[in-house]
Amino acid sequence: MFEFSENTSLDAEGEILRSIEQARVMALVERNIERAAPLHAADFQLITPIGIALSKEQYLGAIAAGGLVYSSWEPQHIDVRLYNQAAAIRYKSSLEVTFGPHHVPRAEYWHTDLYEKRNGLWQVVWSQATEIRHQA
């Protein structure tokens, strides 16, 4: 059973997860696959804002090949929930991306990611982004 706990020792673990997510985002924007790959679990899966599921190989491969290019990705405050060897993070960001021939202008998104601690290292396992559409 998973337990949620709030104490100062877990605050430090939350800061570690925030730093890892910020490093992951930076590596993806910089197309630094060597730095990004170890932060993604072998069974990683991304669900894009339009509902496409991408494996680790598909996602990082598209970035490496230039088929997916983040022009910018600016996370805001990252909320963290810790559950033993797993953690859920959620945050808003502003990002701009080009996927193949499709340029997606800067917009705001919610990101929800599931991390697991495997062999002592935190890795993202699932990631999902949802565009924030403002009501007129």
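Count residues from 1 along the sequence. The figures here come from the full heavy-atom set of this structure, side chains too, leaving out hydrogens, waters and symmetry mates.
Considering only residues two or more places apart in sequence or on other chains, Lys92 meets the salt bridge (Lys or Arg N to Asp or Glu O under 4.0 Å) condition with none of them. Applying the side chain to side chain donor-acceptor pair (under 3.5 Å) criterion to Tyr59, with sequence neighbours excluded, gives Tyr70. Scanning for side chain to side chain donor-acceptor pair (under 3.5 Å) contacts around Glu116 gives Arg118, with sequence neighbours left out. Residues satisfying the side chain to side chain contact (heavy atoms under 4.5 Å, CB included) criterion with Ser72, sequence neighbours excluded, are Glu74, Glu96, Arg106. Every side chain to side chain donor-acceptor pair (under 3.5 Å) that Thr98 has, sequence neighbours left out, goes to His103. Under the rule for a side chain to side chain donor-acceptor pair (under 3.5 Å), Thr48 has no partner lying at least two apart in sequence or in another chain.
The side-chain hydrogen bond (donor to acceptor under 3.5 Å, both in side chains) with His40 is formed by just one residue from the set Lys56, Gln123, Arg24; it is Arg24.
Residue Arg31 comes nearest to Ala64 through the heavy atom pair NH2-O, 3.3 Å, listed as atom of the first residue, atom of the second, then distance. Summarising the geometry of Pro49 relative to Tyr109, their closest heavy-atom pair is CG-CE2, 3.6 Å, with the distance given to 0.1 Å. Contact detail for Val125 and Ala41: the closest heavy-atom pair is CG2-CB, 4.0 Å.
Applying the 6.0 Å contact sphere to CH2 of Trp73 captures more than 12 heavy atoms from other residues, nucleotides or ligands.
Looking only at side-chain heavy atoms (C-beta outward), Glu13 and Trp122 come within less than 4.5 Å of each other.
Going from atom CD of Gln22 over to atom CD1 of Ile78 covers 4.5 Å, rounded to the nearest 0.5 Å.
Asp113 and His111 share no donor-acceptor pair across their side chains, judged by distance under 3.5 Å alone.
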